[in-house]
**Q** 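First the structure, then my questions, so here it is.
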2 protein chains.
Amino acid sequence: MNVEETIQTEKKIPLESRTIIHFMLVNNKINETISGVLKPFDVSLQQFNVLRILRGQNGKPAHLSTLNERMVTKMSNTTRLVDKLILKGYVNRIVCPSNRRKVEINITEEGDKVLKKMDVAMAIAEKAILKNISKKELEQLNALFNKF
Amino acid sequence: MNVEETIQTEKKIPLESRTIIHFMLVNNKINETISGVLKPFDVSLQQFNVLRILRGQNGKPAHLSTLNERMVTKMSNTTRLVDKLILKGYVNRIVCPSNRRKVEINITEEGDKVLKKMDVAMAIAEKAILKNISKKELEQLNALFNKF
DNA sequence: TTACAATAATTGTATATACAAATGTATGTC
DNA sequence: GACATACATTTGTATATACAATTATTGTAA
């Protein structure tokens with residue numbers, strides 16, 4: 001992925017700007033690949049993340065605020081995100097008995113089942129995205145990302 | 001920016017997944033910083049990019065399709081993006097005389113003026129984002145991004 | 001020259017997201 | 001217990017984005 005070619009400019013871009021543009025271009029590519037493999041399941045990346053967090057709870061229900069905190073992309077809209085997943089039958093939501101301000105959200109069996117299939121799809125997407133990157137380079141990337 | 005801490009998980013994440021999650025976390029941070037500095041100008045990153053592309057034309061008008069091709073984030077919606085910029089008085093749009101299917105889009109003087117101010121803001125954002133990254137590390141990042 | 005396909009942009013629709021305001025519930029203080 | 005305050009979620013609104021369908025114009029082949 002070459003920056004100048006992709007955004008079709010002849011100008012020399014300063015290293016700092018170039019890095020950030022480069023970053024965004026790679027991000028787009030990653031997003032496209034991931035939405036592509038999730039598309040057959042009719043869930044967005046965000047919805048997928050919610051399902052993963054809920055599975056990580058191992059049966060323990062999660063509050064809305066918990067989802068919010070753990071989500072990779074924060075969005076003010078977790079309520080509506082959960083609404084969508086309820087419609088699809090992948091999660092359920094009840095008012096928390098001990099504190100009626102809160103809600104308890106659980107993944108359903110159905111949700112768990114499709115999530116397993118999504119995992120396979122995601123693994124394929126990851127492989128595709130990182131097909132030219134070695135283990136050592138992955139380590140390097142993670143180390144560099146730590147500095148942000 | 002530590003991945004496990006940020007998404008609050010105790011589980012060991014495979015290096016591949018971890019890299020992609022890490023990538024997204026950094027991306028969010030970058031986006032937040034950039035939208036932050038652009039907010040006073042009441043333009044989105046996309047609108048800013050359109051203005052930059054138009055300036056790069058050096059007075060030569062750009063067709064809508066040209067904008068689409070050069071934009072970092074492709075979106076099917078360049079028409080409405082340009083609509084917004086017209087409303088703000090930063091660009092104008094006329095039907096292309098030689099081929100009435102096309103439109104010609106130009107940056108206005110006003111647009112050029114605010115774009116200069118946005119440049120300063122963006123430079124500050126870039127500095128903030130990359131404050132812990134050395135020149136050598138920037139080169140490394142760019143080299144790694146080329147492999148995506 | 002007409003009919004058909006290709007091109008360029010716009011519009012419609014559904015969903016996603018950001019941000020602020022509103023709703024309902026709990027807690028602490030007098 | 002009444003009140004103010006804090007908390008947790010939901011709702012409203014505006015904008016952003018993705019994708020498909022539509023409109024308008026041009027090119028071309030019979």
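A note on names: the letters A, B, ... follow the listed sequences, proteins ahead of strands, and every chain is numbered from 1.
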**Q** So, using salt bridge (charged side-chain N to carboxylate O under 4.0 Å, His left out) as the criterion, who are the partners of B:Lys60 when residues are at least two apart?
**A** none
**Q** For A:Phe41 and A:Phe48: C-alpha separation, side-chain torsions, deciding distance, then whether ring-ring contact (aromatic ring centres under 6.0 Å, His included) applies.
**A** CA-CA 10 Å; A:Phe41 300 100; A:Phe48 174 69; 8.7 Å; no
**Q** Base, sugar-phosphate alone, or nothing: which one does B:Glu32 contact when heavy atoms must sit under 4.0 Å apart?
**A** nothing
**Q** In this structure, how many angstroms lie between the C1' atom of D:dA16 and the CG atom of B:Asp42, rounded?
**A** 14 Å
**Q** For the side chain of A:Arg100, starting at C-beta, report the closest nucleotide among D:dT17, C:dA26, D:dT11.
**A** C:dA26
**Q** Would you say B:Phe145 and A:Leu141 make side-chain contact, with heavy atoms under 4.5 Å?
**A** yes
**Q** Could B:Arg18 and B:Glu4 be called an ion pair, given the rule that one side-chain N must be under 4.0 Å from one carboxylate O?
**A** yes
**Q** How long is the line joining CG of A:Asn31 and P of D:dT17, in whole Å?
**A** 12 Å
**Q** Atom CD1 of B:Ile94 and atom P of D:dT25: how far apart are they, to the nearest Å?
**A** 16 Å
**Q** D:dA8 P sits how many Å from A:Ile105 CD1, rounded?
**A** 13 Å
**Q** Could you work out, with salt bridge (charged side-chain N to carboxylate O under 4.0 Å, His left out) as the rule, every residue matching A:Glu139, not counting sequence neighbours?
**A** none
**Q** Could you tell me how far apart A:Ile34 (CD1) and C:dA16 (C1') are, to the nearest whole angstrom?
**A** 17 Å
**Q** Is the phosphate of D:dA16 approached by B:Lys84 (side-chain N or O, under 4.0 Å from OP1 or OP2)?
**A** yes
**Q** Rounded to the Å, how far apart are B:Asn77 CG and D:dT22 P?
**A** 18 Å
**Q** Given D:dT15, is OP1 or OP2 found less than 4.0 Å from the side-chain N or O atoms of B:Gln46?
**A** no
**Q** For the residue pair B:Gln47 / B:Arg52, report whether a side-chain donor-acceptor contact shorter than 3.5 Å exists.
**A** no
**Q** Could you write nucleotides 5-10 of chain C as a row of B, S and -, 5' to 3', where a protein heavy atom under 4.0 Å of any base atom gives B, of only sugar-phosphate atoms gives S, and otherwise -?
**A** -BBSSB
